[in-house]
Amino acid sequence: MSDVDSFIDEVTEEVRRDRLFLLLRRWGWIGVLAVVLIVGGAAFNEFRKARATSQAEQLGDEILSALSQNDSAERANSLASIDAPTPGGVAVLNMLLSSSQVEAGTREEAVESLNAISVQGDLPEIYRAIASFKALLLQNDTLPVADRRQQFEALAAPGAPLRLLAEEQLALIDIAEGNADAAIDRLQAIRQDADVGVDLQQRAAQLIVALGGEPEPLAAQQG
């Protein structure tokens, strides 16, 4: 019986090997393809990282070269000629460009550079808000008050990243329009806001006093 069992085992093992061989011939290419895809994907990922690093280094070198120029107009022209490969790079470049344009006395061009950032939908909201805020400040003497108020109100919407700074600018607009009471109310609200910083809180208190008002006790200090 042992010889018979041994013979059966050998035959069974041979059948298994034949089946495995057939399966490898039929489906083995899938395993090879999977290996190729894994190795190829890893190689492509490393290539992409290396290319991104190279592009960032090149952009940094070009920006530093442009910023090294002493003349503001030449610095702005050099920055404007740089081609940034990524949305973030474009935003950084336009922010630096706007500063050089302001120094060169071309405020309208600086506003355009900042507005270009504010409409970049692929940027985080905070960067777009900063660009819009700075553009509005540059147009303090040129943009109609009603337009500035409308745009600052948009930046002061609940949850907006620069909400309190925009509220401060709205208070200044109230003052410019002779509406001191509205300005004081707005400044009092700024001081009581849970998200207000110390500097803004102090500026608001100083403005309230300058307008003839009295800063209300802070909520955290009330007993």
Side-chain angles (χ1 to χ4, degrees), residues 63 66-67 69-84 87-190 193 196-197 199-208 210-213:
I63 288 176
L67 293 177
Q69 301 186 47
N70 294 325
D71 184 75
S72 299
E74 291 180 0
R75 187 163 60 248
N77 289 333
S78 295
L79 288 169
S81 67
I82 297 175
D83 184 21
V90 171
V92 170
L93 192 59
N94 279 330
M95 198 71 76
L96 293 171
L97 176 59
S98 69
S99 297
S100 294
Q101 289 168 333
V102 169
E103 293 176 7
T106 54
R107 287 203 167 201
E108 292 183 2
E109 293 180 3
V111 169
E112 291 177 1
S113 297
L114 290 168
N115 285 337
I117 301 173
S118 67
V119 296
Q120 274 188 254
D122 46 6
L123 283 179
E125 183 183 4
I126 180 63
Y127 299 114
R128 291 184 278 116
I130 290 173
S132 296
F133 188 84
K134 293 183 67 174
L136 283 173
L137 292 182
L138 290 177
Q139 299 174 88
N140 187 56
D141 299 327
T142 58
L143 194 65
V145 174
D147 292 340
R148 283 194 296 117
R149 178 181 289 278
Q150 182 180 27
Q151 294 186 47
F152 276 124
E153 285 176 347
L155 291 173
L162 300 185
R163 173 175 58 86
L164 294 178
L165 290 175
E167 287 285 0
E168 181 185 27
Q169 293 301 314
L170 288 169
L172 294 176
I173 292 176
D174 289 335
I175 295 171
E177 292 180 332
N179 196 345
D181 290 339
I184 291 175
D185 290 342
R186 196 183 297 273
L187 293 166
Q188 298 281 20
I190 291 173
D193 195 284
V196 69
D199 291 341
L200 178 53
Q201 198 173 64
Q202 291 177 349
R203 289 201 306 271
Q206 291 168 357
L207 271 175
I208 291 171
L211 292 171

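The shown structure was predicted, so the numbers you read here are calculated from the model rather than taken from an experiment.
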Any [X] side-chain heavy atom under 4.5 Å of [Y] side chain:
| X | Y | value |
| --- | --- | --- |
| Arg163 | Asp193 | yes |
| Leu155 | Gln169 | no |
| Leu207 | Leu172 | yes |

For [X] and [Y], which heavy atoms make the closest approach, and how far apart are they?
| X | Y | value |
| --- | --- | --- |
| Leu164 | Ile190 | O-CD1, 4.1 Å |
| Phe152 | Ala166 | O-CB, 3.5 Å |
| Ser118 | Ala131 | N-CB, 4.0 Å |
| Arg186 | Ala171 | CD-N, 3.5 Å |

Could you note down all residue pairs passing ring pair (Phe, Tyr, Trp, His ring centres under 6.0 Å) where [range] supplies at least one of them, sequence neighbours left out?
| range | answer |
| --- | --- |
| residues 96-121 | none |
| residues 99-126 | none |
| residues 95-125 | none |

Under 3.5 Å, sequence neighbours excluded: what are the donor-acceptor pairs made by side chains of residues 137-146?
residue: Gln139; atom: NE2; partner: Ala135; partner atom: O; Å: 3.1
residue: Asn140; atom: OD1; partner: Arg148; partner atom: NH1; Å: 3.1

### Pairs flagged by side-chain hydrogen bond (donor to acceptor under 3.5 Å, both in side chains) wherever residues 88-100 is involved - sequence neighbours left out
Arg75-Ser100
#### Entry: Gln101 backbone acceptor or donor facing Thr106 side chain under 3.5 Å
yes
Under the side chain to side chain contact (heavy atoms under 4.5 Å, CB included) test, residues paired with [X] that sit two or more places apart:
| X | result |
| --- | --- |
| Ile208 | Ile184, Leu187, Gln188, Arg191, Pro215 |
| Ala182 | Asp174, Asn179 |
| Glu153 | Arg149, Leu170 |
| Asp199 | Gln202, Arg203 |

Show me the donor-acceptor pairs, under 3.5 Å and distance only, between side chains in residues 121-129 and residues at least two apart or in other chains.
residue: Arg128; atom: NE; partner: Gln120; partner atom: O; Å: 3.4
residue: Arg128; atom: NE; partner: Leu123; partner atom: O; Å: 3.1

### Straight-line distance of Leu162 CG to Glu168 CD, nearest 0.5 Å
11.5 Å
### Task
Could you grab the distance from atom CG of Asn77 to atom CG of Leu97, nearest 0.5 Å is fine?
9.0 Å
### Summary
The salt bridge (charged side-chain N to carboxylate O under 4.0 Å, His left out) partners of Asp147 (sequence neighbours excluded) come to none
### Message
Considering only residues two or more places apart or on different chains, which pairs with a residue in residues 130-140 satisfy salt bridge (Lys or Arg N to Asp or Glu O under 4.0 Å)?
### Response
none
